[in-house]
S.K.: 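The structure under discussion is supplied below as structure tokens; questions concerning it will follow.
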Amino acid sequence: MRILVIGGGAREHAIAWRLAASHRVTEVLCAPGNPGIASIARVLPIATADCEALLRAAREHKVDLAVVGPEAALEAGVVDLFEAGGVPIVGPLKAAALLESSKAFAKEIMGQSGVPTARYEVFTERAALERHCAAQGAPLVLKADGLASGKGVFVVHEEREFAAALDALFGPLRADKVVAEEFLTGVEVSCIFACNGIEAIPLAPAHDYKRLRDGDQGPNTGGMGAVCPSPRITETELAWIQERCAAPVLQAMSERGTPFRGFLYAGLMVPVAAADRPHGIRVLEYNTRLGDPECQAILPRLSSDPLELLEWMAGMRREKPRLQWRPETSACVVIASDGYPEAPKKGDLLEGLELATLVPGTALFHAATGRDSRGSLISAGGRTLSVVGFGTTCDEARERAYQAVDLIQLKGRRARRDIGL
Ligand code: AMP
Ligand code: GLY
């Protein structure tokens, strides 16, 4: 089979890499890809959200199945177009991807289907939200309704921070709706479910590290690292999450006539005290895709055929696949450019990758990398590389990952040292 992977980050590199190892896959294509993906797949220079060009390329290259990585392509309606054009694709229709692209919609569905989540109210006017903030006081969480690459959420700990958050929400972020919700405490876990519109299959749970600096300090990012399987929840808790946080949403979406096919990612807040679990677990948000960097930690552990899973999700296979996982733990460390996330520097040399790939028990995935005029590898955006270590324990996995990370050079790079601790 010929598979087209849509996207060009480390998540898509991991998807392409895992698919390339499937004996039933004859060729992997990727649009737009990146220099790392180009070493294992045929890359096509098509922008992620250029849906028409993607469909033309899929037809021209006789693609049997496409897989979407990033939310931007989903929001642009790539799945709608491929389905209308008769090319099988894994991902939700635009109307189902609203679970991620509108926080207010996600809250409404959670309310209707009884999913445990933080209490909230939706505001369309600044004055009304100001009154609400003054009445509630801090801590309070304010979220812009639409997609904002992780920049639309303000966890306000002190009342004097409200004004700046409101300025950003109604200023540069141009939010026409803001969700104000209860502040929750605990640890975060990412549970991703593969869905075919009716049923869900849980992937191995992971957790990511959202803050820039060690000890969960600094600004929020797209994710600076991930661990899989996450030791933060048990098998029983995962089953509870599937029953309470995934199945009711699938049912609600199906009843609305917009069944959810694709990866449903539940971002969860899990209470630390065992006595408060599982009943105290709350959904913070849904994403309608694989997480980045979670995917880089999850997919290499999948030992059963990834194609069977994708075919089931796309409605090409009836029999529900049984996923098998390698027993190792994986730890993924992100190397980001100087200035990330505020103003990432581009064009700096990335060196030492050849040596890093020789470290046993590791895998290296490219994100925002490029080539300069001499063909040398350079940084091309915020998160540049994901380095994944595998081990019989989490400590071993992280030691291997950092052994490879330490062989890579990028001026002013930002990488956390505490992934997996
Ligand atoms: P979201 O995009 O909704 O997942 O929010 C981004 C991050 O903000 C989450 O990963 C949490 O770290 C934090 N966050 C979101 N909602 C809450 C909440 N209700 N209470 C505490 N922290 C939150
Ligand atoms: N790692 C969080 C995300 O993919 O949204």
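By convention here, the first residue in the shown sequence is residue 1. All values reported here derive from a predicted model rather than from experimental measurement. Remember, it's 1-based here, ligands and their atoms both numbered in the order they're listed.
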S.K.: So which bit of Leu184 gets within less than 4.0 Å of ligand 1, heavy atoms only: side chain, backbone, both or neither?
M.R.: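 Both the backbone and the side chain of Leu184 come within reach of ligand 1.
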S.K.: Short list, please: which atoms of ligand 1 are under 4.0 Å from a heavy atom of Glu181?
M.R.: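 Once the distances to Glu181 are compared, the set is 16 (N), 17 (C), 18 (C), 19 (N).
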S.K.: What verdict does the side-chain contact (heavy atoms from CB on, under 4.5 Å) test give for Val68 and Ile89, after you've listed the backbone C-alpha separation in whole Å, the side-chain angles of each residue and the deciding distance to 0.1 Å?
M.R.: CA-CA 8 Å; Val68 188; Ile89 186 161; 3.7 Å; yes
S.K.: Could you identify the single nearest non-hydrogen protein atom to atom 17 (C) of ligand 1 and state the distance to 0.1 Å?
M.R.: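 Residue, atom and distance for the closest contact: Leu284 CD2, 3.5 Å.
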S.K.: Under 3.5 Å, is there a donor on one side chain and an acceptor on the other for Glu255 and Gln251?
M.R.: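 Result is yes, a qualifying pair exists.
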S.K.: Counting non-hydrogen protein atoms only, what is the nearest one to atom 22 (N) of ligand 1? Give residue, atom name and distance.
M.R.: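 Ranked first by proximity to atom 22 (N) of ligand 1 is Met269 CE, 3.9 Å.
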S.K.: Can you confirm whether the side chains of Ser337 and Lys346 place a donor and an acceptor under 3.5 Å from each other?
M.R.: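 No.
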S.K.: May I ask you to identify the nearest protein heavy atom to atom 7 (C) of ligand 1, giving residue, atom name and distance to one decimal place in Å?
M.R.: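 Result for atom 7 (C) of ligand 1: Asn220 ND2, 4.1 Å.
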S.K.: Arg11 versus ligand 2: do any nitrogen or oxygen atoms come within less than 3.5 Å of each other?
M.R.: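 No.
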S.K.: Give the numbers and elements of all ligand 2 atoms closer than 4.0 Å to a heavy atom of Gly222.
M.R.: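 This gives 1 (N), 2 (C) as the contact atoms.
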S.K.: Of all the atoms in ligand 1, which lie at a distance below 4.0 Å from a heavy atom belonging to Lys210?
M.R.: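 In order of number, 10 (O).
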S.K.: Could you list which atoms of ligand 2 come closer than 4.0 Å to a heavy atom of Arg289?
M.R.: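 That gives atoms 3 (C), 4 (O), 5 (O) of ligand 2.
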S.K.: What atoms in ligand 1 come closer than 4.0 Å to a heavy atom of Lys143?
M.R.: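 What qualifies from ligand 1 is 3 (O), 15 (C), 16 (N).
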S.K.: For ligand 2, find out whether one of its N or O atoms is nearer than 3.5 Å to an N or O atom of Glu294.
M.R.: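 The answer is yes, given that Glu294 and ligand 2 share an N or O pair closer than 3.5 Å.
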S.K.: Whether the Thr369 and Asn34 side chains hold a donor-acceptor pair (N or O, under 3.5 Å, no angle test) is what I'd like checked.
M.R.: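 On atom types as modelled, these side chains do not qualify, holding no pair under 3.5 Å.
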S.K.: Which atoms of ligand 2 are found less than 4.0 Å from any heavy atom of Asn287?
M.R.: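 Result: 5 (O).
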S.K.: In terms of the angle between their ring planes, are His157 and Phe183 parallel, tilted or perpendicular, with boundaries placed at 30° and 60°?
M.R.: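 It falls in the perpendicular class, over 60°.
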S.K.: For residues Ser22 and Asp305, report the shortest heavy-atom separation together with the two atoms involved.
M.R.: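 Smallest heavy-atom distance, with atoms named: OG-OD1, 2.9 Å.
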S.K.: Considering non-hydrogen atoms of the protein only, which is the closest contact for atom 8 (O) of ligand 1, and what is the distance?
M.R.: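 Protein heavy atom at minimum distance: Val153 CG1, 3.6 Å.
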S.K.: Is any N or O atom of Ala118, backbone or side chain, closer than 3.5 Å to an N or O atom of ligand 1?
M.R.: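 N/O-N/O distance below 3.5 Å does not exist for this pair.
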S.K.: When only distance counts, is Gly291 in polar contact with ligand 2, meaning an N/O pair under 3.5 Å?
M.R.: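 Looking only at distances, the answer is no, because the N/O contact criterion of under 3.5 Å is not met.
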S.K.: Suppose we measure from atom 10 (O) of ligand 1 to each protein heavy atom; which comes out shortest, and what is that distance?
M.R.: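 Protein heavy atom with the smallest distance to atom 10 (O) of ligand 1: Glu188 OE1, 2.6 Å.
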S.K.: Regarding Thr288 and Tyr265, do their side chains bring together a donor and an acceptor under 3.5 Å, going by distance alone?
M.R.: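 On atom types as modelled, these side chains do not qualify, holding no pair under 3.5 Å.
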S.K.: Which heavy atom of Pro92 sits nearest to which heavy atom of Phe260, and what is that distance?
M.R.: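 Between these two residues, the closest heavy atoms are CB-CE1, 3.6 Å.
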S.K.: Report the nearest protein non-hydrogen atom to atom 13 (C) of ligand 1: residue, atom name, distance rounded to 0.1 Å.
M.R.: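 So the nearest neighbour among protein heavy atoms is Val155 CG2, 3.9 Å.
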S.K.: Taking Arg11 for the side chain and Leu290 for the main chain, is one N or O donor matched with an acceptor at less than 3.5 Å?
M.R.: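 Pair found, side chain donor or acceptor close to backbone of Leu290.
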S.K.: For ligand 1, is Lys103 a contact, meaning one of its heavy atoms is under 4.0 Å away?
M.R.: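 Contact present.
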S.K.: Give yes if a backbone or side-chain nitrogen or oxygen of Lys210 is under 3.5 Å from a nitrogen or oxygen of ligand 2, and no if not.
M.R.: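 No: no nitrogen or oxygen of Lys210 is under 3.5 Å from one in ligand 2.
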S.K.: Spell out, as yes or no, whether a donor-acceptor pair under 3.5 Å connects the side chain of Thr384 to the backbone of Ala368.
M.R.: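 Checking the backbone N and O of Ala368 against the side chain of Thr384, no donor-acceptor pair under 3.5 Å is found.
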S.K.: Specify the protein heavy atom at minimum distance from atom 1 (N) of ligand 2: its residue, its atom name, and the distance to 0.1 Å.
M.R.: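 It is Asp208 OD2, 2.7 Å.
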S.K.: Any sub-3.5 Å donor-acceptor pair from Glu328's side-chain atoms to Gly391's backbone N or O?
M.R.: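 Checked: no pair found.
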S.K.: Check whether any heavy atom of Gly267 sits under 4.0 Å from an atom of ligand 2.
M.R.: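 No.
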S.K.: Are side-chain N/O atoms of Ser304 and Gln324 paired as donor and acceptor at under 3.5 Å?
M.R.: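 Not at all, the side chains of Ser304 and Gln324 share no donor-acceptor pair under 3.5 Å.
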S.K.: Donor-acceptor pair, Ser230 side chain versus Arg232 backbone, under 3.5 Å?
M.R.: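 Such a contact is found between Ser230 side chain and Arg232 backbone.
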S.K.: Please identify which atoms of ligand 1 are closer than 4.0 Å to at least one heavy atom of Phe183.
M.R.: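 It comes down to these atoms of ligand 1: 20 (N), 21 (C).
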